[in-house]
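Note that these values count all heavy atoms, side chains included, but never hydrogens, waters or copies made by symmetry. Chain identifiers are assigned alphabetically (A, B, ...) following the order of the sequence lines, protein sequences preceding nucleic acid strands; residue numbering begins at 1 within each chain.
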Amino acid sequence: MPEQLAESIVQLALRRGFFNPTAEIYRGPAGFYDLGPLGTLMKLNLINYWLDTFVRRETSYEVYLIDGSLILPFEALKASGHVDKFTDPKAECARCGRIHRLDQLIEEALGLKVEGKGIEELQEIVKVHGVRCPSCGGELTSFKEHHLMFKLSVGGGGETAFLRPETAQNIFLNFKRIAYAMRAKLPFAVAQVGKSFRNEISPRQSIIRLREFSQMEIEVFFSPIRGDGPSSFDEVGDTVLRILTREEQRRGDGGEAIELSARDAVEEGIVPNKFLAYYLAKEVRFFQSLGIPPENMRFRHLLPEETPHYSGGNFDLEVKFSFGWKEIVGNAYRRDYDLTVHSKHSGEDLSIDDNGVRVVPHVVEPSFGVERILYAILEHSYREGVRDWPLLMLPRIVSPIKAAIFPLLDRDDLVAKAWEIYTRLRSSRLPIYTVYDERGSIGRRYARADEAGVNLCVTIDHQTLQDNTVTVRDRDTAAQVRVRIDELEELIFNDAYRGLEQ
RNA sequence: GCGGCCGUGGUCUAGCCUGGACUAGGACGUGGGCUUUCCGAGCCCAAUACCCGGGUUCAAAUCCCGGCGGCCGCACCA
């Protein structure tokens, strides 16, 4: 059954224009997807809702929004550690054909630390020490590096640069400029929405693992010595977090998530600080408002071997998909790592004055994967068996089409009236995207609208011509109400915010 | 990247093993027409497909090779 859901979603996405493989007509390389008309609207709505929630309406501190370059120079990514960390040295066994990570192999066999060493050096070590295939003892050949970053050559001199592997680096690189330009005081945050690129070895699962993907990220900068938290922490402190602890993960069965409030999670030392816990709580609320039930969410505390040495704790927000639990938000406590390494490599002082004390701020980073979230929403909205046709019960705020306008019959007077109402709504200053449809029976049009997740269907009938009222049908209940035409605009707008927190 | 299975209109598929009668069939959807007073109604008409390249053959959707893509497993995945 579960795989069938994923299949149904992909079919629907293709059929209705949510997403499709890039350069489909050429069978382009895997890991690239284009968003279609409906997918694009949905993405924009999601981003706007996210910006509203995490940037514009944030009252604990200022959140500055930036838009950085996708291409970053070699030096910046060398400093951040990506050049070394995002390269996997590999070798193949001549006898059994298995492929091994060279660095892991050498560390296991010889106990040598080889982080950051080039492929030639590693090859030399293998030769000198006679390291062989751990599976069959065969000889190692075909040494090569796999770059997880897309390498570019910039300008006439051919300077090396990369497509950014995460949006975060732009924020650290701009830290000093932003802090000065905005006269920022700790704590403050910088947010960014944009594309990132990772040259995955074998991307799969439609838009879940992409080589080019969109991130919505925030870096919160705070004093490492004050030990405070967001001023509005108490507003979300009671939110229940489901945490899959490290102890639970080490159990054979995969473990059970424990439940406790965000406040208790900090007090019991499970989550390292209030800034991180604040975001975990806000994320739960955010995704709940997007129709993902709490029992389908959990925060997995990454194991030490999964996190970089500087990490003060990473908590992945995982959502239960039809094919298993999958990360949709990464929450990292990066301490002062990034600012420190960039300060060291660039020679710039990236400390900041905090009430008379120079400090290098610590950083908490929630990083949202846009396409994964879109997919999660689609899976959680898809219903079969409610109607005689598939129904997409999308969160009203992100659904691409807020209302569809139908003349009940394909009859001149009704069509003219419907078109008049449609053009009026289309000209609205409110963000209410509407469509018009007169083809086929009214039932067929309701079905089409349901499948595209259209929030409301407005039908113009004989009575409209008499008293200027129309019927408005709700997607989720199929219930109809009669409303005056001059109330429509606001009704459609307000309906999109139905059920959201104030 | 390795192994297994797979690739036919927009979607799902029949045909492939056993090459020729395939001018590639069906369902749903789509466009047009008629009809139709609120939940995929009906009738008529139409358009749209053998993933790409090479090979075998008198003849390839069908057999072989390569590429690309998909699914599953392994590996990989801040």
Side-chain angles (χ1 to χ4, degrees), chain A residues 3-4 6-8 10-17 20-32 36 80-82 85-86 88 90-93 96-101 104 135 142 144 146 148-149 164-169 196 198-206 208-211 213 215 217 302 306-308 310-311 314 316 323 326-327 329-332 334 337-338 365 367 369 386-391 406-411 413-414 439-451 457-465 470-473 475 477-480 482:
Chain A
E3 286 79 22
Q4 283 181 357
E7 257 173 60
S8 301
V10 169
Q11 279 170 26
L12 179 75
L14 293 172
R15 211 165 56 227
R16 306 312 299 246
N20 55 268
T22 296
E24 216 181 342
I25 58 174
Y26 290 103
R27 295 291 188 284
F32 299 96
S80 68
H82 285 95
K85 193 171 57 188
F86 269 59
D88 292 338
K90 294 196 170 149
E92 191 181 336
C93 171
C96 69
R98 285 179 160 272
I99 299 203
H100 299 283
R101 284 275 300 269
Q104 286 177 359
S135 311
S142 320
K144 55 180 170 202
H146 181 81
L148 249 44
M149 289 196 290
R164 64 183 181 192
E166 58 176 11
T167 56
Q169 289 308 318
S196 290
R198 290 178 197 175
N199 198 3
E200 301 281 357
I201 295 167
S202 66
R204 270 180 206 176
Q205 288 171 321
S206 69
I208 292 295
R209 239 178 107 200
L210 295 169
R211 288 182 165 135
F213 57 101
Q215 292 183 297
E217 284 195 329
L302 297 195
E306 295 178 292
T307 51
Y310 56 81
S311 169
N314 285 49
D316 278 2
F323 43 78
K326 206 92 197 171
E327 175 204 358
V329 183
N331 296 284
R334 297 172 82 131
Y337 173 79
D338 300 274
E365 171 197 270
S367 171
V386 181
R387 310 264 153 84
D388 294 333
W389 48 82
L391 170 64
F406 305 146
L408 180 59
L409 295 170
D410 186 7
R411 228 175 61 185
D413 48 353
L414 293 180
R439 292 296 310 174
S441 70
I442 190 69
R444 179 181 292 252
R445 282 174 277 161
Y446 285 148
R448 275 199 290 253
D450 281 348
E451 210 187 16
C457 291
V458 176
T459 303
I460 284 75
D461 58 18
H462 56 291
Q463 197 184 324
T464 310
L465 303 175
V470 293
T471 64
V472 175
R473 168 191 182 270
R475 177 197 63 204
T477 62
Q480 283 179 310
R482 249 198 127 81

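Atom C1' of rG7(B) sits at a distance of 13 Å from the matching atom of rC16(B), rounded to the whole Å. The separation of rA27(B) from rC6(B), taken at their C1' atoms, amounts to 22 Å, rounded to a whole angstrom. Across rA24(B) and rA47(B), the matching P atoms stand 12 Å from one another, rounded to whole Å. A gap of 34 Å separates the P atoms of rU18(B) and rC28(B), to the nearest Å. Remark: the separation of the C1' atoms in rC50(B) and rG32(B) is 28 Å, to the nearest Å. Comparing the same atom, P, in rC22(B) and in rA41(B) gives a spacing of 34 Å after rounding to whole Å. Straight-line distance between the C1' atoms of rG9(B) and rU48(B): roughly 5 Å, to the nearest whole Å. Spacing of P atoms, rG26(B) relative to rG1(B), comes out at 40 Å, to the nearest Å.
Atom CZ of Arg475(A) and atom P of rG40(B) are 19 Å apart (whole Å). Atoms OH (Tyr26(A)) and P (rC52(B)) sit 12 Å apart, rounded to a whole Å. With rounding to whole Å, Asn20(A) atom CG is found 16 Å from rG69(B) atom P. Here the P atom of nucleotide rU37(B) and the CD atom of Gln480(A) are 16 Å apart, to the nearest Å. What separates CG of Asp410(A) from P of rC34(B) is a distance of 8 Å, to the nearest Å. Between the CG atom of Asp413(A) and the P atom of rU37(B) there is a distance of 13 Å, given to the nearest Å. Per the geometry, CZ belonging to Arg444(A) stands 17 Å off P belonging to rC38(B), to the nearest Å. One can place CD1 of Ile25(A) at 17 Å from P of rU48(B), the figure rounded to the nearest angstrom.
Nucleic acid contact for Pro390(A): base, since at least one base atom lies under 4.0 Å from a heavy atom of the residue. Base contact: Ala478(A) has a heavy atom under 4.0 Å from a base atom. Residue Asp316(A) is classed as a base contact, given a heavy-atom separation below 4.0 Å to a base. In this structure, Phe406(A) reaches neither bases nor backbone, as no heavy-atom distance under 4.0 Å exists between it and the strands shown. In this structure, Arg209(A) reaches the bases: a heavy-atom distance under 4.0 Å links it to at least one base atom across the strands shown. Within 4.0 Å (heavy atoms only), Gln215(A) reaches no atom of the nucleic acid at all. If you check every strand for non-hydrogen atoms under 4.0 Å, Pro165(A) touches nothing. Nucleic acid contact class of Gly440(A) (heavy atoms, under 4.0 Å, all strands): none. Counting any heavy atom pair closer than 4.0 Å across all strands shown, Asn314(A) reaches no nucleic acid atom.
A 3.5 Å limit on both hydrogen-bonding distances identifies rU30(B) as the Watson-Crick or G-U partner of rA46(B). Using N1 to N3 plus N6-O4 or O6-N4 for Watson-Crick, or N1-O2 and O6-N3 for G-U wobble, each under 3.5 Å, rC68(B) pairs with rG7(B). As the counterpart of rC77(B), no nucleotide is assigned, since no Watson-Crick or G-U wobble pattern has both distances under 3.5 Å. Pair assignment for rU57(B) gives none, since no Watson-Crick or G-U wobble pairing has each distance under 3.5 Å.
Considering only heavy atoms from C-beta on, Met149(A) stays 4.5 Å or farther from Asn199(A) through its side chain. In this structure, the side chains of Leu210(A) and Phe32(A) stay at 4.5 Å or more apart for every pair of heavy atoms.
Residue Arg411(A) places none of its side-chain N or O atoms closer than 4.0 Å to OP1 or OP2 of rC34(B). Using a 4.0 Å cut-off, some side-chain N or O of Arg439(A) falls inside it from OP1 or OP2 of rG33(B). Not one side-chain nitrogen or oxygen of Thr471(A) sits closer than 4.0 Å to the OP1 or OP2 atom of rC38(B).
In terms of polar N and O atoms assigned as donor or acceptor, the side chain of Glu7(A) never comes within less than 3.5 Å of the base of rC71(B) in a complementary pairing. For a distance-only test at 3.5 Å, the side chain of Tyr446(A) qualifies as a donor-acceptor partner of the base of rC38(B). For rC76(B), the base has no donor-acceptor partner in the side chain of Ser202(A) [N/O atoms by modelled type, under 3.5 angstrom]. Judged by distance alone, with hydrogens and angles left aside, Arg204(A) brings no side-chain donor or acceptor close enough to the base of rG69(B) to form a pair under 3.5 Å. Contact annotation: side chain of Arg211(A) to base of rC77(B), donor-acceptor pair absent below 3.5 Å. For Arg473(A) and rC39(B), a side-chain-to-base donor-acceptor distance below 3.5 Å is present, hydrogens and geometry of angles not being considered.
Ion pairing between a basic and an acidic side chain is recognised when a charged N comes within 4.0 Å of a carboxylate O; Asp450(A) and Arg448(A) show no such pairing.
In summary, the side chains of Ser80(A) and Tyr337(A) do not present any donor paired with an acceptor at a separation below 3.5 Å, with no hydrogens or angles considered. No hydrogens or angles considered: nothing links the side chains of Ser196(A) and Glu166(A) as a donor-acceptor pair under 3.5 Å.
One finds the CG atom of Leu302(A) at 5.0 Å from the CG atom of Asn314(A) (value rounded to the nearest 0.5 Å). One distance of note links CD1 of Ile460(A) with CG of Leu409(A); it measures 12.0 Å at 0.5 Å rounding.
Of all nucleotides listed (rC38(B), rG69(B), rG33(B)), rC38(B) comes nearest to the side chain of Thr459(A). The listed nucleotides are rU36(B), rA41(B), rC38(B); the one nearest the side chain of Ser441(A) is rA41(B).
When each of Thr307(A) and Arg448(A) is assigned the nucleotide of RNA chain B bearing its nearest heavy atom, the one mapping closer to the 5' terminus is Arg448(A). With the nearest nucleotide of RNA chain B identified for both Ile442(A) and Gly28(A), Ile442(A) has the one nearer the 5' end.
Taking all atoms of both residues into account, the shortest heavy-atom contact from Arg387(A) to Leu391(A) is NH1-CD1, 3.7 Å.
A cation-pi arrangement, defined by a distance under 6.0 Å to the six-membered ring centre and an angle within 45 degrees of its axis, is present between Arg473(A) and Tyr446(A).
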Shorter than 3.5 Å, N or O on both sides, protein versus nucleotides 6-12 of chain B: list them out with atom names.
none

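Put simply, the side chain of Gln215(A) gets close to the backbone of Thr167(A): a donor and an acceptor are under 3.5 Å apart. For Arg198(A) (side chain) and Pro165(A) (main-chain N/O), a donor-acceptor pair under 3.5 Å exists by modelled atom type.
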